[in-house]
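Shown next, in structure tokens, is the structure this report addresses.
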Amino acid sequence: MATQLYDTVIVGGGPAGLNGALYLGRSRRRVLLVDSGDARNMAAGVMHNVLTNDGADIADFRERSRAQLAAYDVTFRDDEVLSAEPDGDHVVVTTKESGTVRARTLLYAAGVRSVLPPVPGLADLWGTTVLECPYCHAWEVRDRSFAVYGGVVASECLAATLTVWSDRISYLTDRRELPGDEQDRLTAAGVPVVADGVSEVKPHPEGVEVVFEDGRSESYGALFLHLDMEPRVDPLRPWLQAPDLESVQTDDRGRTSLPRLYVAGDLGRNMQQAAMAAASGGLAGMAINADLIREDRPGSLPEPPPPTPAR
């Protein structure tokens, strides 16, 4: 395996990585896709807002995608990437179980980690009745009462957005003092504020039960919140020398300021949605193929446009 040279190693087997593999496989490129299997959206179980796959089981979607990719020169490894670094005209990728492989390019689509607030019980309900994306999940709980947790990350815009799906929304500050603009947006949206401290979150037949510090509790159909995110870029740290990949992305096709490194999905300039992640994987696949053609046949294609500043 160490002597195999791939055109591209893709890190991450979600919609971005899979669609990148599809574009590159159909471009007659030799591809290795390495997937650790611990994607952020697996807790939700299903995916939405992807035509023909709205409500599809995520594990089934991935299995069907791999089956379709079997027609092309795409190899899969269920493994964890430990490091990736440049070595002349190649990239050296070291995995936990499969050893070291070499490739001409690397497409990094490992996604992000959600950082849940330290509220007891919240993690146990994450992806079922504790949710983040209204476009992904609010339809299933429409017309129920919602709690929006704004105790760590300000979520007033999320609360206002959710008024499309419910007219019974409470904003939980967990004792955080709200800035004036945050309070003004909540007032304009008609969302009342509950300032009491939150003690824990528990399952409830109607959805979720929030227990406050004074001992009282309220039940809601669902609890929504915005989360802090951690970019999953530890294997790239020595090469990246930046906090994330978005800061080094130079165009909307996933190119970065680091030669041979490309990005797709939640780590790049995209909203964290399956359809958009898949689109970014396709764009990155086209960019990689074009750049390899330029390398193999200098002058055959125009150079890509100059870098655009990070947003």
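The chain is numbered in sequence order, starting from 1.
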Donor-acceptor pair, distance only, cut-off 3.5 Å: does the side chain of [X] make one with the backbone of [Y]?
{"X": "Ser300", "Y": "Arg297", "answer": "yes"}
{"X": "Thr95", "Y": "Glu80", "answer": "no"}
{"X": "Ser83", "Y": "Pro235", "answer": "no"}
{"X": "Ser166", "Y": "Thr163", "answer": "no"}
{"X": "Asp79", "Y": "Val34", "answer": "no"}
{"X": "Tyr108", "Y": "Arg232", "answer": "yes"}

### Message
Taking the ring of Trp165 and the ring of Tyr135, is the distance between their centroids below 6.0 Å?
### Response
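When the ring centroids of Tyr135 and Trp165 are compared, they turn out to be within the sub-6.0 Å range.
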### Task
State yes or no: are the ring centers of Phe224 and Phe146 separated by less than 6.0 Å?
yes
With a 4.5 Å cut-off on side-chain heavy atoms, are [Y] and [X] touching?
{"X": "Thr100", "Y": "Val92", "answer": "yes"}
{"X": "Ser114", "Y": "Met229", "answer": "yes"}
{"X": "Tyr149", "Y": "Leu116", "answer": "no"}
{"X": "Arg253", "Y": "Met286", "answer": "yes"}
{"X": "Thr129", "Y": "Leu223", "answer": "no"}
{"X": "Arg168", "Y": "Tyr220", "answer": "no"}
{"X": "Asp54", "Y": "Trp139", "answer": "no"}
{"X": "Arg29", "Y": "Asp73", "answer": "no"}

Salt bridge or not between [X] and [Y]? Use side-chain N to carboxylate O under 4.0 Å.
{"X": "Asp57", "Y": "Arg62", "value": "no"}
{"X": "Arg66", "Y": "Asp35", "value": "yes"}
{"X": "Asp196", "Y": "Arg175", "value": "no"}
{"X": "Asp252", "Y": "Arg269", "value": "yes"}
{"X": "Arg255", "Y": "Asp291", "value": "yes"}
{"X": "Asp7", "Y": "Arg30", "value": "no"}
{"X": "Glu140", "Y": "Arg142", "value": "no"}
{"X": "Asp124", "Y": "Lys202", "value": "no"}
{"X": "Arg102", "Y": "Asp89", "value": "no"}
{"X": "Arg260", "Y": "Glu295", "value": "yes"}

### Task
Give a yes/no verdict on a cation-pi contact between Arg216 and Phe212, requiring under 6.0 Å between NZ or CZ and the six-membered ring centre and an angle within 45° of the axis.
yes
Hydrophobic cluster identity match, [X] and [Y], side-chain contacts under 4.5 Å:
{"X": "Val210", "Y": "Val153", "value": "yes"}
{"X": "Leu283", "Y": "Leu245", "value": "no"}
{"X": "Val119", "Y": "Leu125", "value": "yes"}
{"X": "Phe61", "Y": "Leu22", "value": "yes"}
{"X": "Leu107", "Y": "Leu69", "value": "yes"}

### Task
Just do the side-chain contact (heavy atoms from CB on, under 4.5 Å) check on Leu162 and Val148 with the steps written out, would you?
CA-CA 9 Å; Leu162 284 165; Val148 177; 3.7 Å; yes
### Task
Would you check, one step at a time, whether the test side-chain contact (heavy atoms from CB on, under 4.5 Å) holds for Thr173 with Val194?
CA-CA 6 Å; Thr173 71; Val194 179; over 6 Å; no
To the nearest 0.5 Å, how far apart are [atom1] in [X] and [atom2] in [Y]?
{"X": "Ser145", "Y": "Glu218", "atom1": "OG", "atom2": "CD", "value": "8.5 Å"}
{"X": "Glu156", "Y": "Leu178", "atom1": "CD", "atom2": "CG", "value": "8.5 Å"}
{"X": "Ile293", "Y": "Leu301", "atom1": "CD1", "atom2": "CG", "value": "5.5 Å"}
{"X": "Arg113", "Y": "Asp266", "atom1": "CZ", "atom2": "CG", "value": "13.0 Å"}
{"X": "Gln273", "Y": "Cys136", "atom1": "CD", "atom2": "SG", "value": "4.0 Å"}
{"X": "Leu240", "Y": "Leu258", "atom1": "CG", "atom2": "CG", "value": "6.5 Å"}

How about [X] and [Y]: does a side-chain donor come under 3.5 Å of a side-chain acceptor?
{"X": "Arg28", "Y": "Asn289", "answer": "no"}
{"X": "Gln183", "Y": "Tyr171", "answer": "no"}
{"X": "Arg26", "Y": "Tyr72", "answer": "yes"}
{"X": "Ser217", "Y": "Glu209", "answer": "yes"}
{"X": "Thr187", "Y": "Asp184", "answer": "no"}
{"X": "Thr250", "Y": "Thr256", "answer": "no"}

Which atom names give the shortest non-hydrogen contact between [X] and [Y], and what distance separates them?
{"X": "Ile10", "Y": "Leu24", "answer": "CD1-CD1, 4.3 Å"}
{"X": "Ala21", "Y": "Val74", "answer": "O-CG2, 3.8 Å"}
{"X": "Ala103", "Y": "Val9", "answer": "CB-CG2, 3.6 Å"}
{"X": "Pro134", "Y": "Leu158", "answer": "CD-CD1, 3.6 Å"}
{"X": "Val93", "Y": "Ala84", "answer": "CG2-CB, 4.2 Å"}
{"X": "Leu33", "Y": "Gly13", "answer": "CD2-CA, 3.7 Å"}

### Query
Stepwise, does the side-chain contact (heavy atoms from CB on, under 4.5 Å) test hold for Val115 with Leu227?
CA-CA 6 Å; Val115 182; Leu227 300 175; 5.9 Å; no
### Query
So Leu261 and Val91, side-chain contact (heavy atoms from CB on, under 4.5 Å) or not? Walk me through it.
CA-CA 9 Å; Leu261 176 61; Val91 178; over 6 Å; no
### Leu267 and its side-chain contact (heavy atoms from CB on, under 4.5 Å) partner, picked from Leu236, Asp244, Val233
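Of Leu236, Asp244, Val233, side-chain contact (heavy atoms from CB on, under 4.5 Å) with Leu267 is met by Val233 alone.
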### Message
Working note: Arg176 + Asp174, criterion salt bridge (Lys or Arg N to Asp or Glu O under 4.0 Å); need CA distance, chi angles, decisive distance, verdict.
### Response
CA-CA 6 Å; Arg176 182 173 66 87; Asp174 199 7; over 6 Å; no
